[in-house]
Every structure is written in structure tokens, then in C-alpha cells.
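Input: a single structure, listed below in C-alpha cells.
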Amino acid sequence: MAGLFNGTKKHVATYTEPAVTEISSILQGGYHHPLLRQWQHERQLTKSSLIYPLFITDNEDEMSAIESLPNQNRWGVNKVVPYVESLVAKGLKAVILFGVPLAEGCKDPYGTSADDPNGPVILTIKALRKACPDLFIICDVCMCEYTSHGHCGILREDGSIIREESVRRLAAIAVNYAKAGAHCVAPSDMVDGRVLAIKRGLIDAGLAHKCMLMSYSAKFSGNLYGPFRDAAGSAPSFGDRKCYQLPPGGRGLARRAIIRDLEEGTDAIIVKPSTFYLDIVSDAKELAKDVPICTYQVSGEYAMLHAAAEKGVVDLKTIAFEAAYGCLRAGATLIISYFTPDFLDWLEEL
């Protein structure tokens with residue numbers, strides 16, 4: 001031990017760099033400035049990329065907080081219009097509407113209230129078209145919010161979906177939304193054949209030239225929809241949706257569904273959820289090179305990021321952008337996000 005401190009030279013290991021006369025590049029030069037970091041993004045997040053989901057109830061004057069979905073509300077038509085007008089003033093370009101019928105007795109096995117002319121969705125389409133003429137209005141097309149059993153189609157006695165009757169009903173709902181003025185209909189039910197039925201319905205009604213069909217082609221069953229079902233009152237009264245939504249590991253099924261929907265006439269593809277399914281987003285971009293690809297950052301993903309921020313694990317703004325860029329990097333061009341009002345402000349700060 002004494003030898004270590006008696007002035008003798010201590011041996012210290014050193015690293016000798018390889019004898020390289022030049023390097024291929026200094027990468028840091030390409031992103032040392034905030035603007036350069038923006039330029040390095042293959043796809044930019046813009047206000048035009050964002051679609052804001054809205055829950056519309058049949059109480060025209062309602063504005064009630066959704067406890068499991070931070071900073072989000074259920075809206076009546078009289079309340080949602082001025083709110084959306086304030087967002088349009090900040091640059092909001094698109095919304096997607098989900099009906100939340102709450103009146104007693106409004107639900108039945110056939111989802112009759114989904115396209116009620118005096119129901120929340122059709123009234124809101126008309127009100128927003130009048131108040132915000134440049135806003136792009138998408139309507140989610142499904143039956144789960146409107147059926148007494150909470151499933152996405154018409155059922156047999158054993159609880160399985162009757163495909164033929166269900167797609168006819170879904171097509172009728174989509175066409176009626178288009179007649180009311182929706183710019184886009186987005187079937188989220190995952191019942192086989194509904195894209196073809198809706199496209200035929202739009203053609204027969206003379207509306208296919210002015211109503212986009214954006215299919216939830218790859219919608220997976222899973223544990224990330226809880227806050228949405230709280231918001232929309234759409235939880236199944238029995239069983240689950242695993243027999244028509246895709247299994248989480250079903251990449252091949254997702255690819256087949258995307259190809260099928262393209263063949264049936266969809267104009268755009270939605271992948272849902274987003275964060276845990278970026279491989280599917282990449283597949284969608286590969287398979288559907290010529291149509292827009294959209295991801296839905298679902299309620300559970302949004303709530304998880306908020307929960308992590310509340311615990312101090314992440315910074316909310318930073319992680320929201322990181323999640324969005326993950327979707328864009330994977331191949332998406334559009335994002336349905338509950339963060340949209342925040343992004344409208346945050347993007348101004350960049």
C-alpha cells in the first residue's frame with residue numbers, strides 16, 4: 001500500500017483513438033439550432049395534421065367534465081359551437097364527432113338514434129357547418145354508443161354480430177351524416193364489409209364526390225379505451241369486442257384488413273391505438289402509399305401521459321410532442337389527438 005503514495009508513477013489506462021485521417025461528417029452541425037432541429041423532421045407536425053375528437057350529448061346546453069379524460073368535456077350543441085369557434089380562431093382545421101345519447105330510452109338493439117335528425121351528431125354537423133364554414137367535419141360511424149347492448153352491430157341471440165344487417169345499418173348512418181353535411185365518415189366498428197357498403201351508399205346517394213371515407217382499418221382490441229367508454233357511455237353490457245376488433249398481436253390480420261379496405265374503396269386509413277402499434281402505422285404506409293394515414297392516440301394513451309406528468313415522471317408538453325413525432329416518423333400524416341387544443345398553442349411557441 002505504501003508504494004501507492006511514495007511518489008512512484010501510478011499507471012493509468014488510456015484510450016488511443018484509431019488513426020483516422022478524416023470523418024464522414026460532424027452530425028451535430030446539422031441540429032445545433034432550434035430551427036435546424038425542426039428541419040431534421042421528415043414530417044412536420046402542423047395544425048393541419050391534427051383532428052380533435054369531440055363528445056356531443058343530446059342535452060343541448062351541457063358542458064360536463066370527463067373525469068377519466070383530463071381537460072376534456074361532453075358538450076351539447078349550444079356549448080360546443082362557441083368552443084370550437086375559439087379553437088378555429090387558433091388554427092383548428094378538423095374535428096371528429098362522437099355522439100353520446102343520454103336521454104332515457106334512446107338506445108335500442110339497432111342503434112336507431114345514431115342518425116336521428118334531431119340527435120346530437122346531425123344537429124352539431126349543421127351548426128358547425130354554419131358557424132365554422134372552413135372547418136373539416138368528420139363523423140365517427142359506429143353503433144356502440146347507441147345500442148342497448150353496447151356492441152358495434154346488430155346481434156344474434158348468441159351475442160355474435162349479424163354482418164349483413166349490421167353493414168346495411170352502418171351504411172345508412174354514414175349516408176345520413178353525409179346528407180347532413182359531414183365532409184368525411186369514419187367507420188370504426190370493424191364489421192367485415194362495411195367499407196364497401198358505405199361507399200356504395202354514398203355513390204347511390206350522389207354524395208361520394210363530396211364525402212371522404214376514412215376507415216378505421218386497423219383497430220385493435222385492448223385495454224386503452226376505458227376513458228373513451230366512460231365519455232361515450234359505450235361499454236358493452238356483456239362480453240367484449242375481441243371477435244371483431246383485431247387481437248393486439250395480429251399484425252398479419254391488420255395488413256389484410258388494410259388491403260381489403262383499400263380494395264373496397266376507402267379514401268384514408270386509421271390505425272388505432274397509436275403508440276403501441278407504430279409497426280402497423282409503418283405497414284399501413286407501405287401498403288397504402290397513395291392515401292392519407294391517420295393514427296388515433298386513444299383516450300388511454302392520452303390519460304397515461306397526463307398521469308405520468310402529474311407524477312413528475314415526464315414533462316407533458318415534451319412527451320406529447322414526442323408521441324406525435326413517433327406517429328409521424330412511422331408514416332402517419334394525420335393524428336386524432338385530445339392534445340389538439342394544447343398543440344394549437346404549443347405550435348405557436350416553436
Side-chain angles (χ1 to χ4, degrees), residues 42-43 45 49 51 53 96 138 140-144 151-153 160-164 166-167 170-171 174 184-202 208 212-225 228 239-302 323-337:
E42 182 180 351
R43 295 180 180 86
L45 181 65
S49 311
I51 300 167
I96 182 167
I138 306 167
D140 181 86
V141 178
C142 197
M143 296 169 63
C144 58
H151 281 279
C152 302
S160 60
I161 285 181
I162 305 172
R163 191 196 70 79
E164 295 83 357
S166 297
V167 298
L170 290 161
C184 175
V185 289
S188 62
D189 53 280
M190 292 297 289
V191 176
D192 290 328
R194 88 276 203 217
V195 170
L196 180 60
I198 291 171
K199 181 64 82 170
R200 284 177 173 169
L202 292 171
M212 183 187 210
L213 201 171
M214 180 186 292
S215 174
Y216 291 76
S217 299
K219 179 179 177 180
F220 291 82
S221 65
N223 202 34
L224 289 167
Y225 302 132
F228 177 95
D240 53 43
R241 297 175 180 149
K242 293 179 180 178
C243 289
Y244 46 99
Q245 294 180 1
L246 301 177
R251 184 178 185 181
L253 281 170
R255 291 175 66 91
R256 289 166 59 193
I258 290 165
I259 293 168
R260 179 199 60 193
D261 285 4
L262 287 169
E263 291 173 347
E264 291 185 7
T266 193
D267 301 303
I269 300 291
I270 300 175
V271 177
K272 177 181 179 180
S274 62
T275 308
F276 300 156
Y277 295 88
L278 296 182
D279 58 327
I280 309 301
V281 178
S282 180
D283 285 350
K285 189 60 180 175
E286 171 205 336
L287 296 168
K289 294 182 176 66
D290 301 319
V291 305
I293 305 298
C294 179
T295 60
Y296 194 150
Q297 185 187 58
V298 300
S299 59
E301 296 173 90
Y302 171 82
Y325 286 133
C327 295
L328 296 175
R329 212 171 51 244
T333 50
L334 305 170
I335 302 174
I336 302 172
S337 175

Checklist entry - So do the side chains of Lys219 and Ser188 get within less than 4.5 Å of each other, counting heavy atoms only? => result yes

Checklist entry - For Tyr216 and Ala186, which heavy atoms make the closest approach, and how far apart are they? => result CE1-O, 3.4 Å

Checklist outcome for this item: Interatomic distance, CD1@Ile335 vs CG@Leu45, rounded to 0.5 Å, equals 5.5 Å

Checklist outcome for this item: Quick note, salt bridge (Lys or Arg N to Asp or Glu O under 4.0 Å) partners involving residues 262-277, not counting sequence neighbours, are Lys199-Asp267

Checklist entry - Going by heavy atoms in the side chains, are Cys142 and Pro187 under 4.5 Å from each other? => result no

Item to check | Euclidean distance, Thr295 OG1 relative to Ile51 CD1, rounded to 0.5 Å | outcome: 9.0 Å

Please table the atom pairs, donor to acceptor, closer than 3.5 Å between any side-chain atom in residues 284-293 and protein atoms at least two apart or in another chain.
unit_1: Glu286; atom_1: OE1; unit_2: Arg255; atom_2: NH1; d: 3.4
unit_1: Glu286; atom_1: OE2; unit_2: Arg255; atom_2: NH2; d: 3.3
unit_1: Lys289; atom_1: NZ; unit_2: Glu286; atom_2: O; d: 2.8

Checklist entry - Any donor-acceptor pair under 3.5 Å linking the side chain of Thr266 with the backbone of Ser215? => result yes

Next on the checklist: Among residues at least two apart in sequence or on other chains, which ones pass ring-ring contact (aromatic ring centres under 6.0 Å, His included) with Tyr277?
Outcome noted: Phe220

Next on the checklist: Distance check, rounded to the nearest 0.5 Å: Asp283 atom CG versus Ile269 atom CD1?
Outcome noted: 12.0 Å

Next on the checklist: For residues 247-276, which residue pairs pass the ring pair (Phe, Tyr, Trp, His ring centres under 6.0 Å) check, not counting sequence neighbours?
Outcome noted: none

Item to check | Partner set under salt bridge (Lys or Arg N to Asp or Glu O under 4.0 Å) for Asp189, not counting sequence neighbours | outcome: Arg194

Next on the checklist: Return the CG to CD distance between Leu224 and Gln297, rounded to the nearest 0.5 Å.
Outcome noted: 10.5 Å

Checklist entry - Considering residues at least two apart in sequence or located in another chain, which fulfil the side-chain contact (heavy atoms from CB on, under 4.5 Å) criterion with Thr275? => result Glu301

Next on the checklist: Could you work out, with salt bridge (Lys or Arg N to Asp or Glu O under 4.0 Å) as the rule, every residue matching Arg260, not counting sequence neighbours?
Outcome noted: Asp192

Item to check | Set of side-chain contact (heavy atoms from CB on, under 4.5 Å) partners for Ser166, sequence neighbours left out | outcome: Ile154, Ile161, Val191

Checklist entry - To the nearest 0.5 Å, what is the distance between CD1 (Ile336) and CD1 (Ile96)? => result 4.5 Å

Checklist entry - To the nearest 0.5 Å, what is the distance between CG (Leu262) and OG (Ser217)? => result 6.5 Å

Checklist entry - How close do Ile198 and Ala174 get, heavy atom to heavy atom, and via which atoms? => result CG2-CB, 3.8 Å

Item to check | Contacts of Leu278 that satisfy side-chain contact (heavy atoms from CB on, under 4.5 Å) - sequence neighbours left out | outcome: Val281, Cys327, Ala330

Next on the checklist: My understanding is that only residues two or more places apart in sequence, or in another chain, count here; which of them pass side-chain contact (heavy atoms from CB on, under 4.5 Å) with Ser160?
Outcome noted: Arg156, Asp158

Item to check | Heavy-atom neighbours of Arg43 CZ exceed 12 at 6.0 Å | outcome: yes

Next on the checklist: Holding to side chain to side chain donor-acceptor pair (under 3.5 Å), I want the full list of residues that pass it with Ser49, two or more places apart in sequence or in another chain.
Outcome noted: Thr46

Checklist entry - Is Leu196 close to Val167 at the side-chain level, that is, under 4.5 Å between some pair of heavy atoms? => result no

Item to check | Set of side chain to side chain donor-acceptor pair (under 3.5 Å) partners for Arg163, sequence neighbours left out | outcome: none

